[in-house]
Each structure stands twice: as structure tokens, then as C-alpha cells.
K.L.:
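Mind looking over this structure? Questions follow.
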2 protein chains.
Amino acid sequence: MKTHTESEENYIKALYHLGGDNPVSNGDLAHRIGAKGSSVTQAVKRLSQKNLVTVVPYKGVQLTEDGVQLAKSILRKHRLWETFLVDTLGFGWDQVHPLAEQLEHVQSEELVERLSNFLGAPKHDPHGDPIPQPNGQMPPVLGEPLGAFAKGHTIKVVRVEDAGSEFFDQLDAMNINLGNTYDVEAISSFDASVQLKAPSGHTIWLSHSMCVNIYAVSA
Amino acid sequence: MKTHTESEENYIKALYHLGGDNPVSNGDLAHRIGAKGSSVTQAVKRLSQKNLVTVVPYKGVQLTEDGVQLAKSILRKHRLWETFLVDTLGFGWDQVHPLAEQLEHVQSEELVERLSNFLGAPKHDPHGDPIPQPNGQMPPVLGEPLGAFAKGHTIKVVRVEDAGSEFFDQLDAMNINLGNTYDVEAISSFDASVQLKAPSGHTIWLSHSMCVNIYAVSA
DNA sequence: CTTTTAGTTTAGGTAAAACTAAAAATTATT
DNA sequence: AATAATTTTTAGTTTTACCTAAACTAAAAG
Ligand SMILES: [Mn+2]
Ligand SMILES: [Mn+2]
Ligand SMILES: [Mn+2]
Ligand SMILES: [Mn+2]
């Protein structure tokens with residue numbers, strides 16, 4: 001098990017996010033990393049020398065098996081740390097991403113597994129995203145967008161997209177959290193907004209922009 | 001509050017360890033860091049441009065007030081993480097140092113303070129070393145070497161030096177932990193070894209080499 | 001008072017990781 | 001098919017952080 005630089009790990013993570021094990025364009029990768037295309041060309045050259053990616057010039061970059069495995073192990077660390085920060089230290093779910101970006105680079109198998117064990121071997125992080133398992137298996141990606149449920153259904157919120165801090169602020173203001181259940185009272189045929197009723201009796205209206213970032217299952 | 005590279009932080013920590021706010025020689029610093037003298041000369045130049053150290057060529061390097069403050073904040077993080085790893089995740093006290101070396105570089109005031117709060121705002125780490133407080137104050141350095149206690153005294157182990165993994169193995173084999181109490185039964189005038197009696201009735205003999213790395217108070 | 005030695009700095013070089021500017025290849029449009 | 005637009009690569013710089021080899025300083029030994 002070789003040791004990797006933080007930069008390398010960030011490239012691997014970005015590649016996995018953008019394409020999984022499919023090829024990704026230089027430009028998309030540059031945009032995601034926040035570097036110029038020329039920097040990416042060089043970085044990718046270094047990665048291919050370590051057999052983490054294959055490169056076809058002018059065509060695209062693709063993770064190797066080793067690359068995918070590394071990407072999953074970094075994602076596992078990221079999401080376990082996010083879980084720790086929220087569940088154990090009491091951070092808000094809007095605060096933990098930048099911290100997990102740092103903590104995911106700490107290198108120690110044993111630390112990750114002890115952390116997972118301490119947290120009760122969770123399968124999903126505070127945003128409902130699946131936590132890759134030690135063997136590389138991915139738990140299911142939960143839920144469907146709120147708009148997919150018809151009037152009259154009872155639903156449970158199970159996942160949210162990371163759509164920026166204003167989105168999280170809005171969720172907090174509306175008191176919406178993972179695990180909450182609601183009755184779908186109406187879906188607007190005018191603007192696709194959704195009207196929910198909480199068990200407390202309160203009614204909330206969600207704009208389409210909010211809905212597409214909130215995922216739920218029937219409850 | 002500027003942001004510092006990992007290398008910079010390691011130099012600051014080394015300087016604080018070697019001399020506190022007193023001057024340190026280039027060679028000692030090089031030995032501690034594990035780099036060559038020439039590399040240290042350059043690194044120290046970068047640090048002085050950030051006003052973290054003052055340098056007198058051929059004479060020595062000295063932390064500024066800012067430098068001392070930074071050193072303490074890093075040490076605080078290091079020792080809080082060590083406490084977390086031992087108390088919360090169940091690591092052995094011989095395992096946590098290299099992990100804390102990585103975790104101490106994570107940048108977030110709030111994370112450190114939440115961690116401290118979660119751990120009960122500890123004043124000493126798993127080795128008994130003082131944890132610098134947020135205001136910069138240092139809790140007392142506890143204990144005296146075992147050899148300092150006369151026969152007949154009852155003592156409590158409060159601190160151990162980091163004298164390598166074999167030392168920790170030996171402590172574990174002898175079941176010696178922080179907080180344990182013993183009666184001093186004898187001190188050899190031949191080889192300065194110490195004979196202790198545990199509350200369980202078991203007797204253990206500690207060589208001089210062991211004793212000088214174990215600190216205790218009267219109990 | 002010279003010489004040796006230990007310690008330090010300078011000079012010059014490598015590698016990672018970013019940049020800008022210019023050239024080359026690919027893709028899209030007339 | 002020819003040209004224009006876009007994307008990607010190449011070439012040359014910069015900064016950080018390390019290295020070796022050579023020169024320099026200061027103190028100790030002869
Ligand atoms: Mn995240
Ligand atoms: Mn997440
Ligand atoms: Mn330590
Ligand atoms: Mn310690």
C-alpha cells in the first residue's frame with residue numbers, strides 16, 4: 001500500500017466523482033479541481049506513472065482498478081469523518097464538508113476502522129450518502145426526489161444534495177432533518193412546488209429548487 | 001490568522017520542543033526534523049519572513065511570540081487528538097503519536113474546541129503531558145522520576161516519557177498505567193533499580209532505565 | 001599563532017504542483 | 001472540404017521543500 005500526496009488523492013476523488021470508472025475530460029477535471037488545464041495534464045501524467053489512471057491524450061482520463069479502490073477508500077474516510085463530526089461532536093451538517101476534506105487525507109487503516117466501529121459501522125453519512133464498505137461494496141443510494149411522490153403519500157426524508165450553505169440554512173429554518181416524515185398534501189401543477197404536512201400539524205411549502213435536492217422514501 | 005504549511009508547522013513544533021522561546025542551533029533543529037542543515041537554513045529563512053522566528057546567522061534560531069503561540073496551538077491539537085484516540089477509540093498509548101502527528105495539522109479552531117469539550121476539557125494527555133489551554137496557559141508538568149521517592153512511600157504514576165515502543169511494551173507487560181498506585185518497597189543501592197508493590201500484592205522490579213522514564217506523585 | 005574540527009551557510013540541482021502563453025489537435029460550423 | 005471555435009498539450013516560470021558539494025566561521029587543539 002503506497003502512500004499518496006494530498007494533491008493526488010484530490011485528483012482521484014474528483015475523477016471518481018465525475019465519472020466513476022468512465023473516462024473524464026481534462027477540462028471537466030480542471031474545473032472540478034479548480035486548476036488550469038495545463039496543470040491537470042501534468043498531474044494526470046504523474047498519476048498514470050503510479051498506475052492509478054490511464055490516459056489517452058486529447059480523449060480523456062480514466063481510473064484504473066487501483067484508482068477506483070483508492071477513491072472509495074478516501075470517500076469512506078470522508079463520510080465517516082462527517083458522521084463523527086455531526087453525531088459525536090455536534091456540528092451542523094452544513095459545516096462538516098470542509099473539515100472532512102482535511103481529515104480524509106489522514107493515513108491509517110486502523111484509525112478508519114476504529115472510527116467506523118465507534119460510530120456503529122454506519123452505512124450512510126449525515127447527508128444520507130452511502131459510505132463505501134471496507135471490501136469496496138457500496139450501500140444503496142437512498143430515495144427519490146420529493147417531486148416523484150403523489151399527493152396522499154407519507155414520506156421519509158433520507159438524503160439531501162450538497163447544494164450550498166444557503167440550501168442547508170433553508171432546511172434548518174424549515175426544521176427539515178434526515179428521518180423526518182411528512183404527508184404530501186399537494187403538488188403544484190403550476191410551479192412544481194410541494195406542500196408537506198409535518199406530524200406536528202405544521203404545513204411547509206417547498207419550492208421546486210428545494211425539492212430536487214431532497215430525497216425521500218415511502219414511510 | 002494566516003495559514004501555514006505542514007512543513008512550517010513541523011519546524012515550529014521542533015523549535016518549541018528543543019528550546020521553548022530560547023535560541024536553538026541549526027544542527028539540533030536539523031537532527032530533530034530529519035533534514036540536512038542546508039535545508040533547515042532555507043526553511044528558517046522562510047519562517048523569519050513570516051515573523052515566526054528570529055535568526056542570527058551562525059548563532060541560532062528563536063521563536064517569536066507569534067511562533068510560541070503557534071507552537072502551543074499545534075501541541076494542544078496533538079495532545080487532544082492523542083487523548084481522543086486512546087480514550088474514545090481505544091488505541092494503545094504506544095500507537096497514537098504518529099496519528100496525532102497527522103491530525104495536529106488539521107486547521108479548524110472550532111473542531112479543536114468541540115473535541116476538547118467532548119473529551120471533558122482534559123488538562124493532560126494519555127502520557128501525562130500537559131495540554132496547552134486556549135489562552136496559552138500550560139497546566140503543570142506532573143510528577144518526579146520514580147527514583148526520587150524513598151522506600152515506604154505510596155506513589156501514583158502520573159506521566160511517562162515517550163521512550164520508544166519497547167518501553168511502552170514493557171509497561172504493558174508489567175501492567176503499569178497512568179493512575180496506578182504502588183508502595184515503594186526498596187531502592188537498590190547497587191543498580192538504582194526500584195521494587196514496587198501493587199495493591200493486588202504483586203511485586204514488580206523496575207530497572208533504572210525504566211525508572212527515569214516514569215514519573216509519579218505521592219499518593 | 002597556526003591548524004584542525006565542528007557547525008553553518010551558499011551555490012546549484014531535483015521534484016511536485018501550481019501558473020501563463022503559445023502551439024497543436026479535435027470538434028463544430030459554414 | 002475548409003475554416004472557425006474549442007479543447008488539450010507543450011514550453012517555460014514560480015514556489016516550496018528537499019538534496020549534495022563547496023565555502024565559510026568560530027572555537028579548540030596543537
Ligand atoms: Mn462532504
Ligand atoms: Mn456527506
Ligand atoms: Mn505525541
Ligand atoms: Mn503525548
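Here is how names work: the chains are called A, B, and so on, in the same order as the sequence lines, proteins then strands, and each is numbered from 1. We use all heavy atoms of the structure for the numbers below, so side chains are in, but hydrogens, waters and symmetry mates are not.
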K.L.:
Determine whether A/H78 and A/E101 make a side-chain contact, defined as any pair of heavy atoms from C-beta on separated by less than 4.5 Å.
P.N.:
yes
K.L.:
Reckon B/G27 touches a base, only the sugar-phosphate, or nothing at all at heavy-atom distances under 4.0 Å?
P.N.:
sugar-phosphate
K.L.:
Using a strict threshold of under 4.0 Å (side-chain N to carboxylate O), is an ion pair present between B/E104 and B/R79?
P.N.:
no
K.L.:
Specify the separation, in whole Å, of atom CD of B/Q42 and atom P of C/dG13.
P.N.:
14 Å
K.L.:
If the cut-off is 4.0 Å, is A/R46 near the phosphate of C/dA17, judged by side-chain N/O to OP1 or OP2?
P.N.:
yes
K.L.:
Ignoring hydrogens and angles, answer whether the base of C/dT8 and the side-chain atoms of B/S25 contain a donor-acceptor pair closer than 3.5 Å.
P.N.:
no
K.L.:
Expressed in angstrom and rounded to an integer, what is the separation of A/D28 atom CG from C/dT26 atom P?
P.N.:
18 Å
K.L.:
Could you state the atom-to-atom distance from CD of A/E8 to C1' of C/dA18 in whole Å?
P.N.:
15 Å
K.L.:
Taking atom P of C/dC19 as reference, at what distance in whole Å does atom CD1 of A/I33 sit?
P.N.:
11 Å
K.L.:
Under 3.5 Å, is there any donor-acceptor pair linking the side chain of B/S38 to the base of D/dT20?
P.N.:
yes
K.L.:
Looking only at side-chain N and O atoms, does A/T5 come under 4.0 Å of OP1 or OP2 in C/dA16?
P.N.:
no
K.L.:
Using heavy atoms to find the nearest nucleotide of DNA chain C for B/K59 and A/Y58 separately, return the residue whose nucleotide is more 5′.
P.N.:
B/K59
K.L.:
Out of D/dC19, C/dT8, C/dA18, which has the shortest distance to the side chain of B/N26?
P.N.:
C/dT8
K.L.:
Measuring to OP1 and OP2 of C/dA18, would you say a side-chain N or O of A/K36 lies under 4.0 angstrom away?
P.N.:
no
K.L.:
Is the shortest side-chain heavy-atom distance between B/L206 and B/I176 below 4.5 Å?
P.N.:
yes
K.L.:
Can you check whether A/I131's main-chain N or O pairs, donor with acceptor, with A/Q133's side chain at less than 3.5 Å?
P.N.:
yes
K.L.:
Which part of the nucleic acid, if any, lies within reach of A/T41 when heavy atoms closer than 4.0 Å are counted: base, sugar-phosphate only, or nothing?
P.N.:
base
